[in-house]
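The structure appears right after this line, and notes come after that.
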Amino acid sequence: MKSSGTKPSTSKIRKFFKRLFARKIVIFGAVLVVVFVLAALLAPYISPHDPYKQNLKLSFAKPSAQHVLGNDELGRDIFSRIIYGARTSLAIGFVAVMIAAGCGILLGLVAGYLGGMVNSVISRVMDALMSIPAIMLSLGLGIIFGAGMTSLMIILGLATVPTYTRLMSAQVLAIRNSDFINAERVLGASNIRIMFSHILPNCLSPIIVLFTMNIGGTILAEASLSFLGLGVKAPMASWGAMVNEGYSRLITNPVFALAPGICIMLLVLGFNILGDGLRDVLDPRLRGSI
Amino acid sequence: MRTFRKGISLVVIAFLLFLTFACSDSGSSAKTPDTTDAAALPSSTTTATAEANRGGVLRVAFNATANCLGYPGGLATFHEYQMVEPVVESLGRYDESGALIPYLAESFETDADALTLTIHLRKDVTFHDGTACDAEAVKWNLEEFKASGRSEINAVADILVKDPLTLVLQLSKWNNSIADAVLFTAGRIVSPTYFKANGKDAAIANPVGTGPFKFVEWERDVKIVYEKFDDFRIEGQPYLDGIEVIFMPDITTIISAMRAGEIDVIGTVNGTVVSAMEVDGLAPISRPLTSGTVMFGVMPTSNDPSLPFYDLKVRQAISHAIDAKAIAEMYKSQGWAYSNQWTPPGSWSYNDETVGYPYDVQKAKKLLAEAGYPDGFSCKGYVNSGDVKLMEITQAYLAEVGIDMEIIPLESAKENEMTGINGTWDGILRWAGRGEADIAPVYARTLTDAGVRCVGGVLHPKDVKELIDAAIGAKTFEEKVKISKELSKKVIDDYCLLVPYASVSSQFYAAEKVHETHLGYYHISSWTPELAWIEK
């Protein structure tokens, strides 16, 4: 019985991945993401040097056999710092989006299901937040929470909450009066049970797509804030901060800024392509649009 | 499939571009331009050459802005002093050896017994508004300087106008640095007539001096325009038709503008500029100075018993933990010279017998253990948000001995508050101080109760104060040198009140066609716009 129960599930997963990777560009996106995730996870094992060990004699040293991308101002190995920078970017990207999704889904669920005054208040607050440019909102929150990795996660998460709230709210409004929800009500199910056991699972597909695509956006936002000096604290490696340090030497030694810049581009590209692929699979109306 | 290929192609192109840049060889040998030579005054040959090349407008770019141009006491930064030099002359300047010489003044003399400084002015010098630059005008300038709250000439009790060209400054007590303070720092002379007719705000924005150039306009944060003053007191000078001071906040823009020939001189200090100019084969027109430099280092809070740095051993430990020599060497091309004391190396007050704290991690750990911190401790490191890198280097060194320093970047206003008269800090401060040969008055600004800068977070030892007073009050130069050297050693070896890294002389670059500016040559705060000329 057990095996017969898992067969349809395994088959569904296989079908899902078959559809997802039907386009080779999605495979490319997934490979990019996997490469960077693996680099982040295995950073201590694959980094050729300690990313925090300074050697002032190697300040701004050009690429060599020992240091393939050269050394930064403090003589730290740039390649190793890029590998560790992947950790920072991915950690901030995932956690910030989790915070955004968690808060946004909850608020959207409550607003959409309860409607009325609750919906109006939550919607207007979200509208107000969305009227502030994301970078301004992040800077404002940055002043409140200060610099640092935890602060960055919270700042970037909170700045993205309205997107999830509105999407979730719209999804809930579309299905809250469906027959299967009404049937639950007639059977005496509580609002909490209806919201979390019946409505939420049926609204998750677009959220998953948004989640994936937002990771790329959040990584980009982290890089922007780090570039502006509001990012992670020294000596932690961050791609945005590395671009900031390197851009003034773009003319004399472009590697310093270009190497982390290309990493940001590739990782964001990977997440965006993967998000597009997921959207393609989960929303049949858009299939074939990328 | 086609989309996939496009995506792959884009990435491959990006990688190829990256590799092209990465593998490009941007180094080249630097050649020395024949811009400024060592002579303070032009020889007959250079004068003739300057005459032959008369005309043109010199464009000097700074990445700093100005807040005041023409009010006594309002000039605060060395950039402001440089920017107004074409218009506002100083009573004195420094020569090749670093000695104060009269410039706008004809001569001066001090009398330690009579407690006086006498200044003789030149005849027939007029301001750009046509009024006379006489003893009354100079007296008004010095009094206004004091009234603005500046403390440099507080020792001057009274100013007596003996005749239209002679002033006698009566001192409250003997101060052998008073001539420098009066003639160079405070002695930037502007027209009192203009000030009285137009008010302070107008004077701040419209400098009316006696210099070789007249003020034309100041477009804030964009540029200052000066034109030649035809009635300049030195016949035949200036050689240029005008000078434009251009504000460029972005270093990359400054470099690009220099390469495009849009500016002639870079009047700023920055490692990126240095690297770019080396690539272009330009050497700095400035030279390492033994006075008028900026000293860099860190200053732990030494007067708060609740902090580890209150313990002398901890201060000595962090000094041993930081390889200041390596830091100075790294920035050597930017004009850094290692110093183990708060005095520029090579200056007469530099004490070769100061032992200092050579880089020694084991000794640092031992001292920390003796002080009761065998596993180190956590602390804060405060630094201006625009200059975090030096603290990152410090942070990495301290981490090696177990000190976990969290870097706190500060906005300029917060930094000024923290380092101001009533401010303090609780940890390690990125310290920048004046590097002068005559160091005692500079020490007094920080290491005594009457100090004004970085004064609230540091001990004020009684014997240091006594030495400062003795150095300032010394009646002979030999005595002053002896006490100043003793002071330099005591502050470091006995009290370890700061961890000096280096004395930094500003680096200035000029196009090869530019001559005789002497920017960063005699003193960081002065140059010679009247002698400058551009080769045609």
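Here is how names work: the chains are called A, B, and so on, in the same order as the sequence lines, proteins then strands, and each is numbered from 1.
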Report task. Determine whether more than 12 heavy atoms belonging to other residues, nucleotides or ligands lie under 6.0 Å from atom CZ of A:Phe79. Result -> no

Report task. Give a yes or no on this: more than 12 heavy atoms of other residues, nucleotides or ligands lie within 6.0 Å of atom NZ of B:Lys389. Result -> yes

Query - B:Tyr397 side chain near A:Leu56 side chain, heavy-atom distance below 4.5 Å - result: yes

Query raised in the report: With only heavy atoms counted, which part of B:Ile408 is less than 4.5 Å from chain A, the side chain, the backbone, both or neither?
Result: neither

Report task. Rounded to the nearest 0.5 Å, what's the gap from CG on B:Leu390 to CD on A:Glu73? Could you check? Result -> 9.0 Å

Requested in this report: Hey, could you give me the CD1/OG distance between B:Ile393 and A:Ser59, rounded to the nearest 0.5 Å?
Outcome: 7.5 Å

Query raised in the report: Of all residues at least two apart in sequence or in a different chain, which pass the salt bridge (charged side-chain N to carboxylate O under 4.0 Å, His left out) check with A:Arg81?
Result: A:Asp72

Query raised in the report: For A:Ala234 and B:Gln395, which heavy atoms make the closest approach, and how far apart are they?
Result: O-NE2, 3.1 Å

Requested in this report: State whether B:Glu392 and A:Lys233 are salt-bridged, where the test is any N-O pair (Lys NZ or Arg NE/NH1/NH2 against Asp/Glu carboxylate O) under 4.0 Å.
Outcome: no

Query raised in the report: Should the pair A:Lys57-B:Glu329 be classified as a salt bridge under the 4.0 Å nitrogen-to-oxygen rule?
Result: no

